*Asks:* 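My questions all concern the structure below.
In this text the structure is predicted, and so the values were computed from the model without any measurement.
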Amino acid sequence: MARLEVLKTYKIYIGGAFPRTESGRYYTPKNTKGEALGNVCLSSRKDVRNAVVAARKAFGGWSERAAFNRGQILYRIGEMLEGRKAQFVEELQLQGATTAKAEKEVNAAIDRLVYYAGWCDKVSQVSGSVNPVASSHFNFSVNEPTGVVGILADQSTSLIGLVSQIAPVIAGGSTCVCIASEDLPLCAITFAEVLNSSDVPGGVVNILTGSPDEMMKPMATHMDVNAIVYAGKDATMLNSIQEFAVENLKRVRNYPQDWMDSGAQGLHYITDLMELKTTWHPIENIGGATSSY
Amino acid sequence: MNFTEAFLRSIPIFVGINYQSMAKKKGSATYSIPDFSQSPRIDKVGVEERVSRFQKRSIKNEAKMQGLRMALNMIDLTTLEGKDTPGKVKQMCFKAAHLHDVHPGLPTVAAVCVYPSMVATAKKEVEGTGIKVASVSTAFPSGQAPLEVKLIDTKFAVDAGADEIDMVISRGRFLSGEYNFVFDEIATIKEACGKARLKVILETGELVTLDNVRRASDIAMYAGADFIKTSTGKIQPAATMQVTYTMLEAIRDFKLKTGIQVGMKPAGGISNSKLALHNLVMVNEVLGSDWLSNEWFRFGASSLANDVLMQIMKLETGVYQSSDYFSID
Amino acid sequence: MAKKNEKINWEYAPAPESTGHINLKEQYDLFIDGKWVKPNSGKYFESTNPANKKKLASVAHANEKDVDKAVKAARKAYDNVWSKMAPSERAKYIYRIARLMQERAREFAVIESLDAGKVIRESRDVDVPLACNHFFYYAGWADKLEYAFPNREVSSLGVAGQIIPWNFPLLMAAWKIAPALATGNTVVLKPAETTSLTALKLAEIIEESGLPAGVVNIVTGYGDTGAAIVNHKDVDKIAFTGSTAVGKIIQKAIAGTHKKATLELGGKSANIILEDAPLDQAVEGIVNGIFFNQGHVCCAGSRLFVQESVADQVIEKLKHRMNSLIVGDPMDKNTDVGAINSKEQLDVINSYLKIGQAEGAIMYQADCSVPSSGYYCRPTLFTGVAQSSRIVQEEIFGPVLTIQTFRTVDEVIQKANNTPYGLAAGVWTDKGSRIFNLTTKLRAGVVWANTYNKFDPTSPFGGYKESGFGREGGLHGLEAYVKFN
């Protein structure tokens, strides 16, 4: 007699734990063949709230980690993803991709993580500056993480969009709350499991499944969210996000990219979610050798 | 002094106890001697910015005349040369009392400043003018002599009639971190001064940093200085505005802590009216009008007087002046 | 026999900067398409000297039609001339403007002080030189943009609409115009209604420089004029410096449009004095932080935090220093604190003084005389305040300082960051490792360590959180005016 398969329960990822949605709601997305993908959490605005709290709590520690250490962790995520490649390929297939396409997407996601892992300890060197002010001061500018970032992930891909949006945010030292693709949510939750086994501190990345339309507002109006990344092309959605964002002047970034494109990565995806800090300090001119003394 | 006493005095708190009677004599409450290694820190760039504000003050008309007359009255007219003779000193003393007699009503300088060997001559020359005689001492300018020699040097000047003693600190010892040695030396000389007022020369050009200037100022004041003075005039740089400002802040803090007022004497390099006025602006704004008299503020200078006189005559007559019309003594 | 000793109370005689040799017209029109044109409405308003309430000149009030004309001129100049010009030629025009400004620096300084009430020492030594230098700095970038954005191809945006405040009128105009021109954009700029004159003088220089017509247009007016710029469909970029409230209105207005924005908004910056700081210089930094430009500074160090062990000493020194400040005629070279920019602003400041007292805070004002006519406010400090006091939370934009004490570094970092703003901060300590601990943890765009209120064209300026976004100045200031291809 054939063995009965154990089915996977898809939960959400908040503060390093895998709770069900507090609302108790679920939805059942289907693939193009009409096959059910599973019962997935239909997260609520309270899940958004909880996730933002977790992200804020994690921000201090994550932002103060050495950039080198963040790079190590991002590379570790890549390693773990490589190790579970087959599972992602399978999920992508279930969600409608061909084997070749699925493999290509997983490979691209791994490579993207490795790419951003390498950026962590180079951002300041490339994007910062020492500014030659005319007065007797040492003056330099460096990028600093912006805080808690809300991510509305690419709806047209299950993995590569999500990874391409999360990686630069955490590489720069911010933490995030990510709303996964509504129709293709499986890889998002499995990716959370990868994160959870990759030394990423709990709360640095939080992943919710459900309706972006429903969760956009609580996220974009949330006074403790510092920036929103929106990957879609929907002008109405973007307009609403921008209007909601005004109340605490969230930085809003819109990336209507094809994330499978090898050019859909770069330093600016990191610095877009960073602030620039300029520091001044006097330079003393000691001794009697100068005319001013 | 025996070994035990020397040992105790090498500990800051005991140094203080030995000399507190002196502080009381000034009519103040007793105070404890601070740890001079903890003197306030000075940020030089900040000092430069502050000083540039004084230099940007625009002093015009009657305020300028007032300032110039004040400056004149605060000068310690100085000759400190190896080739000084009674003849030279006599001439300078005459000038001190007769700055520019074609213009009546001018003040005199505050004092003449000479070597100990010239004190008797100077004292005789300025008699009845109200002009004080100041003498450098303590193996001026280097201070590289034993304490015994410094004491004899000082007593000689005081006995010859010096009203004021300008001593030098031991910069070498200071830079070696022997703050207690420097403190004791000043306190000992102070005792030897008797009624003469003691000006302590820090020789800031050799102390180099403003942190050191501040620390040396504190040591001198707590050890009993009546005045602190920047320089001997033999070392460059001398009385820069930055150094004088740092010392003025030290004087203010000392007054706040102990209630004792200490005078200030920038010396060396203040050769024209503009610099003198900048210095007066600085005293006025940092310490206030209580210090705006020659009892509490002096300029140590030799060529300043004539430049101030020329400026005063320019203000009076509206015509630019020539040095040919102002006596050099 | 001369008097032996003259002890005096030395008061400086008046030393007024001469207002001769400046050229101010009775009436100013709008500068559109290289010409001076009358406003469509025919309306003018008065620009007055806040130090004596006297009228300086009449200034045109631009309406929507004037703004439309200006935007069209800017678009035409962009399409036909400016975007096609070799960058090295663009640079030379900007250099030329910088030089002409330098030549007329004194005139700019005098007019700025007359119009804004700021002291002549500051307009002469800070505002005008910095404005000239800003043009010099960005002129050199025009033909080097490929070095600013490695690996990315950039192009200009088009027409930039720029709205500037009244606290640093000429300097803000320079901050806006110089990088916009260097990156190849054309400009419609609106100065604040109380301080239009130096922007109009700048227009005269631009005219004299031979800059192609329409590349820079100056439209004067009130908030409605600014709104017309923000809402104009053919504007590609909005750069605004001003209050957070207006910044939010602008951001809302341009939501859903293609317009790129930089906002440089309010602040309530912390200035932190640790016990090992060089205290006398720190006191100077406190004074410079809050009384510079009458406290009309978005990055003013308006929240002072002093470590408890030195609090009494610092406050005593600060009061002494405040009493040595000369408050009065902005045109006197010895004045340290000038006139409040307008009656409206003075009313705001006075209302906060009342609020502070009503909240139970202890007010101390400098012991100085102020002129009886004109708008003046004595340098003021409040002790006995808490994080929850309104005067600690809200931007006053005047010479009003609140003082809080703290015990530990962690405590002060927490309190300093406990605000929706994040523009600037100051840290005073002698210990290098402590400086970096604090400067790293303070959530602010500019951090001054052992100094305060320093500015330079090479140094990026701008805020975190509700203090705005985008940077002005330096290499990073270019990004606001380009798009990536």
Side-chain angles (χ1 to χ4, degrees), chain A residues 59-60 63-64 126-147 220 223-227 234-254 263 266-268 271-272 274-284, chain C residues 129-130 133 149-152 244 247-257 263 265 281 420 422 424-427 432 435-436 439-471 473-476 479 484:
Chain A
F59 176 62
S63 64
E64 281 167 23
V126 180
S127 186
S129 62
V130 172
N131 311 308
V133 296
S135 54
S136 187
H137 294 90
F138 184 67
N139 177 302
F140 62 96
S141 300
V142 289
N143 295 88
E144 286 191 349
T146 207
M223 295 298 276
D224 209 25
V225 171
N226 301 100
D234 181 347
T236 324
M237 180 83 151
L238 179 62
N239 191 1
S240 307
I241 292 171
Q242 286 174 333
E243 281 186 7
F244 289 138
V246 168
E247 218 36 64
N248 68 338
L249 293 176
K250 286 178 193 68
R251 288 77 171 116
V252 178
R253 304 291 180 184
N254 178 218
L267 174 62
H268 62 281
T271 54
D272 276 359
M274 296 184 86
E275 303 291 322
L276 190 77
K277 176 181 277 178
T278 300
T279 305
W280 294 68
H281 195 279
I283 302 174
E284 186 182 57
Chain C
L130 275 178
N133 296 352
F149 305 102
N151 254 351
R152 303 191 83 187
T244 293
K248 288 180 181 176
I249 293 170
I250 290 175
Q251 186 64 8
K252 223 164 221 161
I254 63 173
T257 70
L263 303 175
L265 309 176
Q281 287 73 58
V427 178
I435 288 176
F436 285 113
T439 57
T440 310
K441 287 179 180 158
L442 291 168
R443 303 285 293 160
V446 184
V447 184
W448 287 290
N450 291 328
T451 185
Y452 206 96
N453 267 348
K454 291 284 177 295
F455 309 93
D456 193 275
T458 66
S459 175
F461 185 91
Y464 286 22
K465 301 195 278 185
E466 290 199 25
S467 289
F469 42 72
R471 291 293 176 268
L475 161 68
H476 300 85
E479 191 180 330
F484 300 100

*Asks:* Tell me which donor-acceptor pairs under 3.5 Å the side chains of residues 443-452 of chain C have, and how far apart each pair is, sequence neighbours excluded?
*Replies:*
unit_1, atom_1, unit_2, atom_2, d
C:Arg443, NH1, A:Pro145, O, 3.1
C:Arg443, NH2, A:Pro145, O, 3.1
C:Arg443, NH2, A:Thr146, O, 3.0
C:Trp448, NE1, C:Lys454, O, 3.2
C:Asn450, OD1, C:Thr429, N, 3.1
C:Asn450, ND2, A:His281, NE2, 3.0
C:Asn450, ND2, C:Thr429, O, 2.9
C:Tyr452, OH, C:Cys299, O, 2.8
C:Tyr452, OH, C:Gly301, N, 3.2

*Asks:* Using a 4.5 Å cut-off on heavy atoms from C-beta on, say whether the side chain of C:Pro460 contacts that of A:Asn131.
*Replies:* yes
*Asks:* To the nearest 0.5 Å, how far apart are OG1 in C:Thr440 and NZ in A:Lys277?
*Replies:* 6.0 Å
*Asks:* Is any side-chain N of the basic residue among A:Lys250 and C:Glu466 closer than 4.0 Å to the acidic one's carboxylate O?
*Replies:* no
*Asks:* I want to check something: taking the side chain as every heavy atom from C-beta on, are C:Asn151 and A:Leu267 in contact at a cut-off of under 4.5 Å?
*Replies:*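 A side-chain contact is absent here, since even the closest heavy-atom pair is not under 4.5 Å.
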*Asks:* Taking C:Pro420, C:Gly462, C:Gly256 one by one, which has the highest count of heavy-atom pairs under 4.5 Å against chain A?
*Replies:* C:Gly256
*Asks:* Which one, A:Ala134, A:Ala245, A:Pro132, A:Gly266, leads in non-hydrogen pairs under 4.5 Å with chain C?
*Replies:* A:Pro132
*Asks:* Got a second to check how far A:Thr279's OG1 is from C:Phe436's CZ, nearest 0.5 Å?
*Replies:* 7.5 Å
*Asks:* Taking all non-hydrogen atoms of both residues into account, name the closest pair between A:Leu276 and C:Arg471 and its distance.
*Replies:*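 Looks like O-NH2, 2.8 Å.
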*Asks:* In terms of heavy-atom proximity below 4.5 Å to chain C, should A:Glu64 be classed as side chain, backbone, both, or neither?
*Replies:*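 Just the side chain, heavy atoms under 4.5 Å.
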*Asks:* A:Arg251 vs C:Lys465, test: side-chain contact (heavy atoms from CB on, under 4.5 Å). Steps then yes/no.
*Replies:* CA-CA 9 Å; A:Arg251 288 77 171 116; C:Lys465 301 195 278 185; 5.7 Å; no
*Asks:* Chain C heavy atoms under 4.5 Å from A:Phe140: which part of the residue, side chain, backbone, both or neither?
*Replies:* side chain
*Asks:* What part of A:Ser141 gets closer than 4.5 Å to chain C, counting heavy atoms only: side chain, backbone, both or neither?
*Replies:*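 Interface part for A:Ser141: side chain.
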*Asks:* Give the minimum heavy-atom separation between C:His476 and A:Ser127, together with the two atoms involved.
*Replies:*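 Closest pair (atom of C:His476, atom of A:Ser127, distance): NE2-O, 2.6 Å.
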*Asks:* Would you compute the distance between atom CG of A:Leu249 and atom CZ of C:Phe469 and round it to the nearest 0.5 angstrom?
*Replies:*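 Those atoms lie 6.0 Å apart.
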*Asks:* When heavy-atom pairs shorter than 4.5 Å are enumerated against chain A, which of C:Thr257, C:Leu442, C:Leu263 gives the highest number?
*Replies:*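 Sorted descending by pairs with chain A, the first entry is C:Leu442.
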*Asks:* A side-chain contact here means heavy atoms from C-beta on lying under 4.5 Å apart; do C:Thr458 and A:Asn139 qualify?
*Replies:* no
*Asks:* Within the structure provided, determine whether C:Asp456 and A:Trp280 are in side-chain contact (heavy-atom separation under 4.5 Å).
*Replies:*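 Of all side-chain heavy-atom pairs linking A:Trp280 with C:Asp456, at least one is under 4.5 Å.
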*Asks:* Select all residues of residues 234-243 of chain A having any heavy atom within less than 4.5 Å of some heavy atom of chain C, and report them by number, or 'none'.
*Replies:* A:Asn239, A:Gln242, A:Glu243
